[in-house]
Amino acid sequence: VQLQASGGGLVQPGDSLRLSCAASTRTFNNYDVAWFRQGPGKEREFVAALRRSGGHMYYADSVKGRFTISRDTAKNTLYLQMNNLAPEDTAVYYCASSGVSRIILSAIRAGDSYTYWGQGTQVTVSS
């Protein structure tokens with residue numbers, strides 16, 4: 001599975017962006033998926049995850065209520081809608097997909113649980 005992330009850019013605080021992650025194969029729809037990010041000088045961190053069924057979503061506390069993860073199975077695409085962006089959201093955002101149908105709950109936020117990764121898209125929030 002190859003993943004292509006897009007949609008990043010330079011925005012002002014309070015603005016919105018929608019990131020997309022297009023997959024090369026429909027197999028993508030069988031996997032749990034997630035977004036991670038890595039800010040300048042920081043380690044990679046979990047942002048949001050979505051079960052293959054689309055029925056359960058998980059968020060980092062720092063983005064809960066502002067970000068929404070979703071997928072369009074017809075388009076083999078994962079999205080991250082980001083609202084009310086803040087400077088601390090500045091990072092390279094990566095989409096990821098597991099290589100198994102279900103990640104155990106305790107590992108859903110761990111980067112090691114995901115096999116396939118997109119190349120990253122830069123989001124910069126600055127006034």
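FYI, the numbering just counts along the sequence from 1.
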- [ ] Please test Ile69 against Gln81 for side chain to side chain contact (heavy atoms under 4.5 Å, CB included), starting from the C-alpha separation and ending with a verdict.
- [x] CA-CA 6 Å; Ile69 187 172; Gln81 177 66 43; over 6 Å; no
TODO: Using only heavy-atom distances, determine whether the side chains of Thr27 and Thr25 contain a donor-acceptor pair under 3.5 Å.
DONE: yes
- [ ] Check the side chains of Thr90 and Glu88 for a donor-acceptor pair under 3.5 angstrom, ignoring hydrogens and angles.
- [x]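 On atom types as modelled, these side chains do not qualify, holding no pair under 3.5 Å.
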Atom [atom1] in [X], atom [atom2] in [Y]: separation rounded to 0.5 Å?
| X | Y | atom1 | atom2 | result |
| --- | --- | --- | --- | --- |
| Asn30 | Ser53 | CG | OG | 12.0 Å |
| Ser70 | Met57 | OG | CE | 9.0 Å |
| Ser24 | Leu3 | OG | CG | 7.0 Å |
| Arg37 | Phe46 | CZ | CZ | 11.0 Å |
| Tyr31 | Arg51 | OH | CZ | 15.0 Å |

Nearest atoms (heavy-atom pairs only) where [X] meets [Y]:
| X | Y | value |
| --- | --- | --- |
| Gln119 | Ala5 | NE2-O, 2.8 Å |
| Thr121 | Gly7 | OG1-N, 4.0 Å |
| Gly118 | Tyr94 | O-CD2, 3.6 Å |
| Asp89 | Val125 | CB-CG2, 4.4 Å |
| Asn84 | Ser16 | N-OG, 4.2 Å |
| Ile108 | Tyr114 | O-OH, 2.7 Å |

Taking the side chain as everything from C-beta on, heavy atoms only, tell me whether [X] gets closer than 4.5 Å to [Y].
| X | Y | result |
| --- | --- | --- |
| Cys95 | Val33 | no |
| Arg66 | Tyr59 | no |
| Val123 | Leu19 | yes |
| Pro87 | Pro13 | yes |
| Thr77 | Phe28 | no |
| Leu85 | Leu17 | yes |

Task: Ring centers of Trp117, Phe36 separated by less than 6.0 Å - done: yes
- [ ] State which residue, out of Leu80, Thr68, Val47, fulfils the side chain to side chain contact (heavy atoms under 4.5 Å, CB included) condition with Val63.
- [x] Val47
TODO: Apply side chain to side chain contact (heavy atoms under 4.5 Å, CB included) to Tyr79 and Asp72, showing your working.
DONE: CA-CA 8 Å; Tyr79 300 102; Asp72 185 333; 3.8 Å; yes
Task: Heavy-atom neighbours of Gln2 CD exceed 12 at 6.0 Å - done: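 No, not enclosed.
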Open item on the list: For Arg102, I'd like to know if atom CZ has over 12 heavy atoms of other residues, nucleotides or ligands within 6.0 Å.
Closed with: no
Open item on the list: Just to verify, what does Tyr116 make a ring-ring contact (aromatic ring centres under 6.0 Å, His included) with, not counting sequence neighbours?
Closed with: none
Task: Presence of salt bridge, Asp32 and Arg52, under 4.0 angstrom - done: no
- [ ] With sequence neighbours left out, write down each residue that passes salt bridge (Lys or Arg N to Asp or Glu O under 4.0 Å) with Arg71, or none if nothing qualifies.
- [x]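 Once residues adjacent in sequence are excluded, Arg71 has no partner under the salt bridge (Lys or Arg N to Asp or Glu O under 4.0 Å) criterion.
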